[in-house]
Amino acid sequence: MGFLDNLFGGGPTEAEITDTVYFDITSDGEPLGRVEFGLYGEVVPKTTENFKALCTGEKGFGYAGSVFHRPTHNLYSIIPGFMCQGGDFTNFNGTGGKSIYGRTFPDENFDIRHGGPGTLSMANAGPNTNGSQFFICTADTPWLDGKHTVFGKVTKGLDIVRKMESLGSQSGATRSKVEISSSGAL
């Protein structure tokens, strides 16, 4: 497994689930429902630990209260047929966020390929710039293999992700405030 497998389309699109976390999602304060994620802690333990700790807020900061829309910047966040991006709980506009290891941490590996709708992957600003931002794929995204670390998948609530997706646009702007009202581990 690794870079060459991903480059030539090989390698797995999922791994054994070691942890389960959740987001409760709202749209303009109205509940959309819960999305549960299975995390691949055996393959990407640092990335998994970061995401899990940000879901629980155990380090004093995390995803609860953060949004999927970008109110002041022209940065995408929900693009139908592509993905829903979130995780900026510092600037709330797609320019911020931080990991439990500091502002950023290195790419752990690219052993798992993007496997289509429900794939959970780290957003970044280039190599080795993972922080807290992530995206949930809503379609096949093989061009992201070898560039973004896949660390989990939606295990329950893909219908909620589809509801979120329906609130987006090709520019990424959302028709409502799509928020992670609460999050945690199961």
Side-chain angles (χ1 to χ4, degrees), residues 1-25 34-59 61-64 66 68 77 79 82-89 97-162 164-165 180 183-186:
M1 280 192 295
F3 177 76
L4 290 178
D5 286 331
N6 286 330
L7 187 65
F8 295 107
T13 57
E14 55 184 65
E16 181 181 341
I17 293 172
T18 59
D19 299 277
T20 301
V21 295
Y22 70 90
F23 291 161
D24 288 327
I25 304 292
R34 177 170 282 188
V35 180
E36 294 183 10
F37 304 96
L39 307 180
Y40 307 143
E42 294 288 321
V43 178
V44 281
K46 279 190 79 168
T47 307
T48 294
E49 183 56 32
N50 181 64
F51 192 77
K52 183 178 176 184
L54 295 174
C55 285
T56 64
E58 64 193 63
K59 305 292 185 183
F61 54 90
Y63 294 129
S66 66
F68 284 88
S77 67
I79 299 177
F82 181 24
M83 59 86 207
C84 304
Q85 183 173 329
D88 177 0
F89 53 78
K98 64 181 179 179
S99 79
I100 63 170
Y101 310 114
R103 171 86 172 102
T104 63
F105 66 100
D107 297 316
E108 198 162 5
N109 65 56
F110 303 114
D111 290 350
I112 304 169
R113 294 182 304 114
H114 291 79
T119 297
L120 181 61
S121 187
M122 290 302 291
N124 61 44
N128 300 310
T129 59
N130 298 294
S132 57
Q133 292 194 45
F134 62 88
F135 57 93
I136 306 163
C137 297
T138 61
D140 290 329
T141 56
W143 64 90
L144 300 176
D145 293 345
K147 297 179 181 117
H148 297 271
T149 300
V150 174
F151 63 96
K153 69 177 182 179
V154 173
T155 55
K156 290 183 183 173
L158 191 59
D159 59 323
I160 306 307
V161 174
R162 294 294 186 203
M164 294 166 56
E165 181 182 29
I180 301 168
S183 60
L186 297 171

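Numbers here are sequence positions counted from 1.
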Query - ring pair (Phe, Tyr, Trp, His ring centres under 6.0 Å) between F23 and F134, intermediate numbers included - result: CA-CA 13 Å; F23 291 161; F134 62 88; 5.5 Å; yes
Next item on the list: Using a 4.5 Å cut-off on heavy atoms from C-beta on, say whether the side chain of F151 contacts that of I112.
Entry: no
Smallest heavy-atom separation, C137 atom then H114 atom, equals SG-CD2, 4.0 Å
*Verdict with reasoning, V154 to I136, per side-chain contact (heavy atoms from CB on, under 4.5 Å)*: CA-CA 8 Å; V154 173; I136 306 163; 3.9 Å; yes
Between L120 and L39 the two heavy atoms that sit nearest each other are CD2-CD2, 3.9 Å
Heavy-atom nearest pair, T149 first then N109, reads OG1-O, 3.2 Å
Nearest heavy-atom approach of I79 to T138 is O-OG1, 4.1 Å
Separation between CZ (F51) and OG1 (T56), nearest 0.5 Å, reads 11.0 Å
_Trace of the side-chain contact (heavy atoms from CB on, under 4.5 Å) decision for T119 with L144_ = CA-CA 11 Å; T119 297; L144 300 176; over 6 Å; no
d(Y63 OH, C55 SG) to nearest 0.5 Å is 6.5 Å
So the salt bridge (charged side-chain N to carboxylate O under 4.0 Å, His left out) pairs with at least one residue in residues 44-57 (sequence neighbours excluded) are D19-K52
Interatomic distance, CD1@I17 vs OH@Y40, rounded to 0.5 Å, equals 6.0 Å
d(C84 SG, I160 CD1) to nearest 0.5 Å is 11.5 Å
Check the pair T141, H148 against side-chain contact (heavy atoms from CB on, under 4.5 Å), reporting the backbone distance first and the verdict last. CA-CA 11 Å; T141 56; H148 297 271; over 6 Å; no
Measure from the side-chain N and O atoms of N124 to the backbone N and O of K147, and report whether any donor-acceptor pair falls under 3.5 Å. yes
Problem set entry | Expected output: side-chain D107 to main-chain N128 donor-acceptor under 3.5 Å | yes
_Side chains of I25 and I180 in contact at under 4.5 Å (non-hydrogen atoms)_ = yes
**OP:** May I ask you to decide if T129's main-chain N or O and T104's side chain share a donor-acceptor pair within less than 3.5 Å?
**Re:** no
Tightest non-hydrogen contact, residues K59 and I100, listed as CG-CG2, 3.7 Å
For D145, is there any backbone N or O sitting under 3.5 Å from a side-chain donor or acceptor partner on R113? no
Using side-chain contact (heavy atoms from CB on, under 4.5 Å), reason through E165 and F82 one step at a time and then give a plain yes or no. CA-CA 9 Å; E165 181 182 29; F82 181 24; over 6 Å; no
dist Q85:CD -> F68:CZ (nearest 0.5 Å) comes out at 9.5 Å
Heavy-atom closest pair (G97 atom, S132 atom, distance to 0.1 Å) is CA-OG, 3.2 Å
